[in-house]
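The structure appears right after this line, and notes come after that.
Residue numbers start at 1 and run along the sequence shown. Just so it is clear, the model here is predicted, and its values are computed rather than measured.
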Amino acid sequence: MRFSLFVHMERYDDSISYEDHWANLVELALMAEEGGFGTIWIGEHHAMEYTVSPNPLPQLAYLAAKTSKIRLGSGTIIAPFWNPLRAAGELALLDVISGGRAEVGVARGAYQFEFDRMLGGLPAADGGDHLREIIPAMKALWAGDYAHDGKVWQFPTSTSVPKPVQKDLPVWVAARSPESHDFAVATGCNVMVTPLMKGDEEVASLVEKYETAIANHPEIERRPDIMVLRHTHVHSEADAEGWRPAAEGIQKFYRSFDAWFGNKTVPENGFLEPSPVEKFEARPEFSVESLRKTAMIGTPAEVIERLRRYEELGVTEYSFWADNTLSHEEKKRSLELFIEQVMPAFSEQAAPALNI
């Protein structure tokens, strides 16, 4: 099982500048490379200060110049916000800039808030049409000349310029439903999943959907990878209450997620107050005590024990989700403990060989 880092700039107020937030992200990325992580993932979000990332590609291109071996993944680009020609060319350019280290994660999108601003109110639920169309189109453009006449996009014969360095640039699909798992496997993509605030039984369920999709497609030549993305915080054994700040921080993250996802309040200058704790009194999965158990929070020994179960399930990549509303120093110490005391319990970590 490989390890990767999933990270954004998080701003809940204007007490820290964008420049300082970016410097913090770069520091975590360099720590991850030095510590043996295989990939760093950065996603796409618009007009939201709590996930500052209007485009992952320039961020990853900057990191390409600062690193030498860690792979660089869009985790994810939002399919409806991209034209296939633009996506294929810019992702291929990242692969060229990084010397063949690009990974491509694609999602349909989730926030109606973003769809209202980016696509004039298109229902976010319709983003699946874009996802299912953009991935085959990008792959065809990377291969050579291709004309497209689809439901969403149409364009005459074109090609990706530049072409990727990698012969088969890895593509990942953010999947939850059986149908999205099936699409990913059928189109030769890897699968990325997140159990959010659900427990490890949800991880098992998502892996089962992945395995079912593989069984339904015996024609595929390569078994796809599956990545589990989960909020992660490691604390010292000497700190018996070390779990609490992490669980409270992750709860604040999900309360922020709820406020943005609900799309009921107009943000002020990109900021939106997290939904109040009282809103979730009938939702025990949002409680601090529940998040202590469901998020990957614990001492190194506790985290190792749970990750062993993920490995036994067949998870091929575990992504350390660093977004949790905590300070940079708290995030840094957690990542240090993960690198120093968790990763050595597993087989030697290394980035996948370049497919060039």
Residues at least two apart in sequence or cross-chain that pass side-chain hydrogen bond (donor to acceptor under 3.5 Å, both in side chains) with R117, listed by chain then number, are none
Contacts of W142 meeting side-chain hydrogen bond (donor to acceptor under 3.5 Å, both in side chains) (sequence neighbours excluded), chain-then-number -> none
Looking just at side-chain N and O atoms, do [X] and [Y] make a donor-acceptor pair shorter than 3.5 Å?
X: N263; Y: Q112; value: no
X: R222; Y: N190; value: yes
X: S180; Y: R108; value: no

Where the side chain of [X] meets the backbone of [Y], is there a donor-acceptor pair that is under 3.5 Å apart?
X: E114; Y: H46; value: yes
X: S256; Y: Y254; value: no
X: K209; Y: R176; value: yes
X: N24; Y: H328; value: no

Point to revise | Verdict with supporting geometry, D225 and E317, side chain to side chain contact (heavy atoms under 4.5 Å, CB included) | key: CA-CA 7 Å; D225 286 329; E317 180 172 328; 5.9 Å; no
Could you go step by step and tell me if Q341 and I304 meet the side chain to side chain contact (heavy atoms under 4.5 Å, CB included) rule? CA-CA 9 Å; Q341 298 187 34; I304 288 168; over 6 Å; no
Could you state the interatomic distance from [atom1] ([X]) to [atom2] ([Y]), rounded to the nearest 0.5 Å?
X: R308; Y: M1; atom1: CZ; atom2: CE; result: 8.0 Å
X: L63; Y: I97; atom1: CG; atom2: CD1; result: 12.0 Å
X: M197; Y: L291; atom1: CE; atom2: CG; result: 7.5 Å

- Item | Partner of H130 by ring-ring contact (aromatic ring centres under 6.0 Å, His included), out of F115, W153, W82 |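 With H130 as partner, F115, W153, W82 yield a single ring-ring contact (aromatic ring centres under 6.0 Å, His included), made by W153.
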| field | Sole residue of Y50, F261, Y111, F257 in ring-ring contact (aromatic ring centres under 6.0 Å, His included) with H45 | value |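 With H45 as partner, ring-ring contact (aromatic ring centres under 6.0 Å, His included) holds for just one option, Y111.
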Are more than 12 heavy atoms from other residues, nucleotides or ligands located less than 6.0 Å from atom [atom1] of [X]?
X: E27; atom1: CD; result: yes
X: E221; atom1: CD; result: no
X: E237; atom1: CD; result: no
X: E340; atom1: CD; result: yes

Self-check item: Test side-chain contact (heavy atoms from CB on, under 4.5 Å) applied to S53 and M9, E10, Q59, the passing residue
Solution: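 Of the listed residues M9, E10, Q59, the side-chain contact (heavy atoms from CB on, under 4.5 Å) partner of S53 is Q59.
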Looking at R309 and E312, does any basic side-chain N land under 4.0 Å from a carboxylate oxygen?
no
Note to self: So that I can tick it off, tell me whether R292 and E289 are bridged by a salt bridge, with the cut-off set at under 4.0 angstrom between side-chain N and carboxylate O.
What the structure shows: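 A salt bridge is absent here (no side-chain N lies under 4.0 Å from a carboxylate O).
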